[in-house]
Amino acid sequence: MKPNPSETPESTPPVIVPKPSPFRSVLIWVCGVLVLLLLAALTTPMTLRCRKKADQTEAVNNARQIGMTLFEFETEYGKFPDASTIAAVRKATDSHLIFGQKSSNDFFRQLIGCEIAQSEAMFYAKITGTHKPDGILSDAKALQKGECGFTYFLGATEKSNPSRPLVVTAMIPGTDRFDPKRFDGKAVVLRLDNSVSSQPIDKDGHILIDGRNMMDPQHPIWEGKPPMIAWPDL
């Protein structure tokens, strides 16, 4: 016998899903937050290290560019920038930049004044107290305070020890020590032979060359004369 379409089959009672308890909701939320915090704790050191490596790579590349401009300057003016080359730069150019005699900013400004360096960007290194250069090369704006992150050693000649440092970062201004926090425990060194390397910084803030503190005035690289240091203006 066929069922009557007009007849309504017995309805199935609805399934009632109980609401989650407030305690369970809070527990799930707390667990989610803990997972996120754990992931952040695991990835943050790696992220910071990658960032420091990138900053180190930038410093190495900029040191190479500084080296190229320094050697071109030495070829043109007979020596690396110092107090005695200021007059020669002024005579050879129409520059009205301020060529001081105190900081590395002052001496590197000669490279801009004679138009060997066309940009401030190469003088930047991400150390404490620096900021990205603004690119303005006018009289009062070129290599302002904080736009240079490299320390410059004066007094080198083409006959000096090839291992003699010309430019370094990250040296702590006013000291002979390096900051290991900037470039993952390394310092960037440009030498007279135009090589650039990243050297490990020891627990005392020094870097070693041939097993000796590079900044020791008696180190053979200085050939009996204490290093003349021009720190950046930070």
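One is the number of the first residue; the rest follow in order along the sequence.
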Item to check | Greater than 12 external heavy atoms within 6.0 Å of Asp204's CG | outcome: yes
Checklist entry - For Lys132, which of Glu120, Glu147, Glu58 qualifies under salt bridge (charged side-chain N to carboxylate O under 4.0 Å, His left out)? => result Glu58
Item to check | Gap separating the CZ atom of Phe178 from the CG atom of Asp202, nearest 0.5 angstrom | outcome: 10.5 Å
Checklist outcome for this item: Interatomic distance, CD1@Ile229 vs CE@Met171, rounded to 0.5 Å, equals 5.0 Å
Checklist entry - Could you go step by step and tell me if Arg191 and Ser197 meet the side-chain hydrogen bond (donor to acceptor under 3.5 Å, both in side chains) rule? => result CA-CA 9 Å; Arg191 295 184 175 88; Ser197 62; 3.0 Å; yes
Checklist entry - Going through the checks in order, is the side-chain contact (heavy atoms from CB on, under 4.5 Å) test met by Asn105 and Phe123? => result CA-CA 9 Å; Asn105 303 51; Phe123 302 105; over 6 Å; no
Next on the checklist: So, taking the atom named CD in Gln110 and the one named CG in Asp82, what distance separates them when rounded to the nearest 0.5 Å?
Outcome noted: 7.0 Å
Next on the checklist: Once rounded to the nearest 0.5 Å, what's the spacing between atom CG of Leu143 and atom SG of Cys148?
Outcome noted: 6.0 Å
Checklist entry - Is Leu70 reachable from Val60 through a run of hydrophobic residues whose side-chain heavy atoms are each under 4.5 Å from the next? => result yes
Item to check | Hydrophobic cluster identity match, Val188 and Ile172, side-chain contacts under 4.5 Å | outcome: no
Checklist entry - Only one of Ile86, Thr85, Ile112 clears side chain to side chain contact (heavy atoms under 4.5 Å, CB included) with Phe99; which? => result Ile86
Checklist entry - Is the distance between the ring centroids of Phe80 and Phe71 less than 6.0 Å? => result yes
Next on the checklist: Let me confirm one number: the CG-CH2 distance from Asn161 to Trp222, rounded to the nearest 0.5 Å.
Outcome noted: 9.5 Å
Checklist entry - Checking Gln118 side chain against Glu115 main chain: does a donor-acceptor pair fall under 3.5 Å? => result yes
Checklist entry - Does a sphere of radius 6.0 Å around CE in Met68 hold more than 12 heavy atoms from other residues, nucleotides or ligands, not counting ones at 6.0 Å or beyond? => result no
Checklist entry - Say you draw a straight line from OG1 of Thr128 to CZ of Arg182; how long is it, rounded to the nearest 0.5 Å? => result 3.5 Å
Next on the checklist: I'd like to know whether Met215 forms a side-chain contact (heavy atoms from CB on, under 4.5 Å) with Asn213, so could you lay out the CA-CA distance, the side-chain angles of the two residues, the decisive distance to 0.1 Å, and finally the verdict.
Outcome noted: CA-CA 5 Å; Met215 296 307 300; Asn213 175 14; 3.8 Å; yes
Item to check | side-chain contact (heavy atoms from CB on, under 4.5 Å) between Arg51 and Asp55, worked out | outcome: CA-CA 6 Å; Arg51 189 174 301 164; Asp55 294 339; 4.2 Å; yes
